[in-house]
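Take a look at the structure below.
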Amino acid sequence: MPLDRNHAVPALVGNPADFLMIAGLAGTAYELASITNDGDNLYALGGAMGAALSMGLGLALAQPKRRVLVATGDGELLMNVSTLATVGALQPPNLSILCVDNGHYGETGYQKSHTSLGVDLERMAIGAGIGSTMTIEREDQLAAGARMLRESNGTSFVLVKVSTVDAPKDKLSLDGGANRVRFRQALLRAAR
Amino acid sequence: MEATTEDRWQKVVYDTLKKNGVTIFSYVPDAGHRMAIDLSLADPDVHSVALTTEEEGVALAAGAHLGGAKSALLMQSSGLGNCINFFSMITGGKFPFLTILSMRGDYGEGNPWQMGMGKAVRPILDAMGFVTVEITQKDEVERAIDAACTMAFQSGEAVAVLLTQKLIGAKKF
């Protein structure tokens with residue numbers, strides 16, 4: 001019985017105030033907006049599929065004293081899976097990656113993704129040189145995954161296998177400009 | 001990093017970006033950016049990020065801006081085509097953005113494979129709402145990069161600087 005993302009992802013994120021967060025489009029964007037009540041420490045993408053991890057890398061380099069969490073789906077990560085190599089070459093210690101893998105493109109009607117067809121994203125992360133990785137398939141692994149995301153000394157990659165259940169869609173703001181200003185005001189007290 | 005007379009302008013590109021507060025340099029390598037890439041790798045005060053594809057540098061710049069840092073994406077003009085969808089994040093979210101393109105498929109190009117993207121560079125930049133700054137002379141480099149940084153980081157525009165083949169010379173085939 002695969003995990004339900006609506007239980008597993010909040011358990012892995014824990015207190016969302018501990019992170020600066022980037023969410024990939026669709027499932028994880030809705031999910032983190034729900035967990036944070038569309039909080040000002042979250043920048044959730046509504047498009048630009050494949051951008052979440054490199055955006056999180058830029059944020060992690062700019063904010064070395066804060067822990068950055070990139071949460072994204074298997075389809076979003078697959079679109080620019082080579083960004084794992086870009087991250088692996090730099091290994092920023094404050095970057096944590098949570099890949100919510102339901103094996104499908106949920107937003108477009110649950111067509112199978114490559115992870116349903118034999119592709120293992122954790123092994124691709126290992127191959128990219130990311131030292132702290134794990135795959136979570138059971139309830140009793142969630143606590144260890146949560147610890148890895150917030151305590152790892154190097155870049156961490158946690159893959160959580162979940163069922164094809166939708167994330168809640170009630171909270172997400174899709175105004176990329178307003179969200180940019182909101183994020184920077186909260187983090188930097190920047191005017192724009 | 002020793003600059004020869006021919007590529008001293010390349011050092012000016014790097015020094016001017018740094019003077020304007022750029023601390024994150026991302027790139028897919030190209031000969032026209034050789035000096036800036038080497039200088040960023042040797043500079044302990046900046047991040048030097050080797051990309052696998054140019055579009056990563058677009059998202060990286062947006063993330064850096066969220067964290068209060070200035071970034072520049074260095075690429076060959078052929079890489080512009082890889083970035084187009086991610087530019088929608090830049091213009092839609094009004095992120096300041098600066099890229100420096102070393103042109104191929106431009107003045108004097110001898111490789112027909114380069115011409116298709118070379119001719120498409122300006123229409124693509126126009127379509128995506130960029131301000132474009134062209135450099136054709138070595139003595140324009142500092143002023144043009146200064147102007148581009150001001151438009152990007154103060155006015156919040158998406159800005160592309162074209163290092164044209166009049167400046168860098170066409171590769172011989």
Side-chain angles (χ1 to χ4, degrees), chain A residues 20-22 24-25 40-66 68 70 76 79-90 92 94-95 128 174-192, chain B residues 21-29 40-41 44-73 75 79 82-99 128-129 152-158:
Chain A
L20 300 173
M21 290 179 286
I22 304 290
L25 83 175
D40 57 17
N41 60 335
L42 167 68
Y43 194 87
L45 296 169
M49 186 167 175
L53 183 51
S54 41
M55 193 173 196
L57 175 61
L59 179 58
L61 294 177
Q63 286 287 321
K65 292 180 178 159
R66 297 293 303 272
V68 173
V70 173
E76 208 272 350
M79 184 163 278
N80 260 334
V81 75
S82 65
T83 306
L84 290 170
T86 301
V87 167
L90 289 173
N94 61 328
L95 179 60
L174 287 174
D175 185 334
N179 295 351
R180 175 183 65 78
V181 172
R182 181 180 71 179
F183 190 101
R184 281 170 51 86
Q185 278 176 341
L187 177 63
L188 308 164
R189 302 277 162 245
R192 63 200 165 115
Chain B
V22 173
T23 57
I24 299 177
F25 293 81
S26 69
Y27 48 85
V28 173
S40 73
L41 282 166
D45 298 329
V46 305
H47 294 288
S48 181
V49 184
L51 308 168
T52 61
T53 172
E54 292 82 357
E55 62 196 288
E56 291 177 327
V58 180
L60 185 89
H65 174 70
L66 287 182
K70 296 184 177 74
S71 148
L73 168 58
M75 62 172 153
N82 295 347
C83 297
I84 298 171
N85 187 41
F86 282 14
F87 288 156
S88 63
M89 170 170 64
I90 297 294
T91 51
K94 295 189 166 51
F95 283 88
F97 178 70
L98 177 62
T99 182
M128 297 312 292
F153 301 129
Q154 289 186 38
S155 287
E157 290 288 326

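To find a chain, count down the sequence lines: A is the first, B the second, and so on, and within it residues start at 1. Just so you know, these numbers come straight off a predicted model, no measurement behind them. Quick note: numbers below take in every heavy atom, side chains included, and nothing from hydrogens, waters or symmetry partners.
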Decide yes or no for A:Leu57 and A:Leu61: does some side-chain heavy atom of the first lie under 4.5 Å from some side-chain heavy atom of the second? yes
Chain A heavy atoms under 4.5 Å from B:Ile24: which part of the residue, side chain, backbone, both or neither? side chain
Could you tell me which of B:Thr52, B:Thr53, B:Leu66 has the largest number of non-hydrogen atom pairs under 4.5 Å with chain A? B:Leu66
Would you indicate whether the side-chain heavy atoms of A:Arg66 and A:Leu187 approach each other to under 4.5 Å? yes
Max heavy-atom pairs within cutoff under 4.5 Å with chain B, candidates A:Ala85, A:Gly50, A:Ala178, A:Ala89, goes to A:Gly50
Which atoms of B:Ala62 come close to chain A, meaning under 4.5 Å heavy atom to heavy atom: side chain ones, backbone ones, both, or neither? both
Do you know which of B:Ala64, B:Ala61, B:Ala69, B:Ala50 has the most heavy-atom pairs with chain A at a distance under 4.5 angstrom? B:Ala64
The interface call for B:Thr23 against chain A, heavy-atom contacts under 4.5 Å, is neither
I want to check something: taking the side chain as every heavy atom from C-beta on, are A:Leu95 and A:Leu90 in contact at a cut-off of under 4.5 Å? no
Nearest heavy-atom neighbours spanning B:Tyr27 and B:Ser48: OH-OG, 2.9 Å
Report, one line per pair, each donor and acceptor closer than 3.5 Å where one atom sits in a side chain of residues 84-96 of chain B; sequence neighbours left out.
from    : atom 1 : to      : atom 2 : distance (Å)
B:Ser88 : OG     : B:Asn85 : O      : 2.4
B:Thr91 : OG1    : B:Phe87 : O      : 3.1

Can you tell if the side chain of B:Cys83 reaches within under 4.5 Å of the side chain of B:Met128, non-hydrogen atoms only? no
Holding to side chain to side chain contact (heavy atoms under 4.5 Å, CB included), I want the full list of residues that pass it with B:Val46, two or more places apart in sequence or in another chain. B:Tyr14, B:Lys18, B:Phe25, B:Ser40, B:Asp43
Contact winner vs chain B - A:Leu53, A:Leu59, A:Leu20, heavy-atom pairs under 4.5 Å: A:Leu59
Between A:Leu45 and chain B, with a heavy-atom cut-off of 4.5 Å, which part of the residue counts as in contact: side chain, backbone, both or neither? side chain
Who among A:Thr83, A:Thr86, A:Val68 has the most heavy-atom pairs with chain B under 4.5 Å? A:Thr86
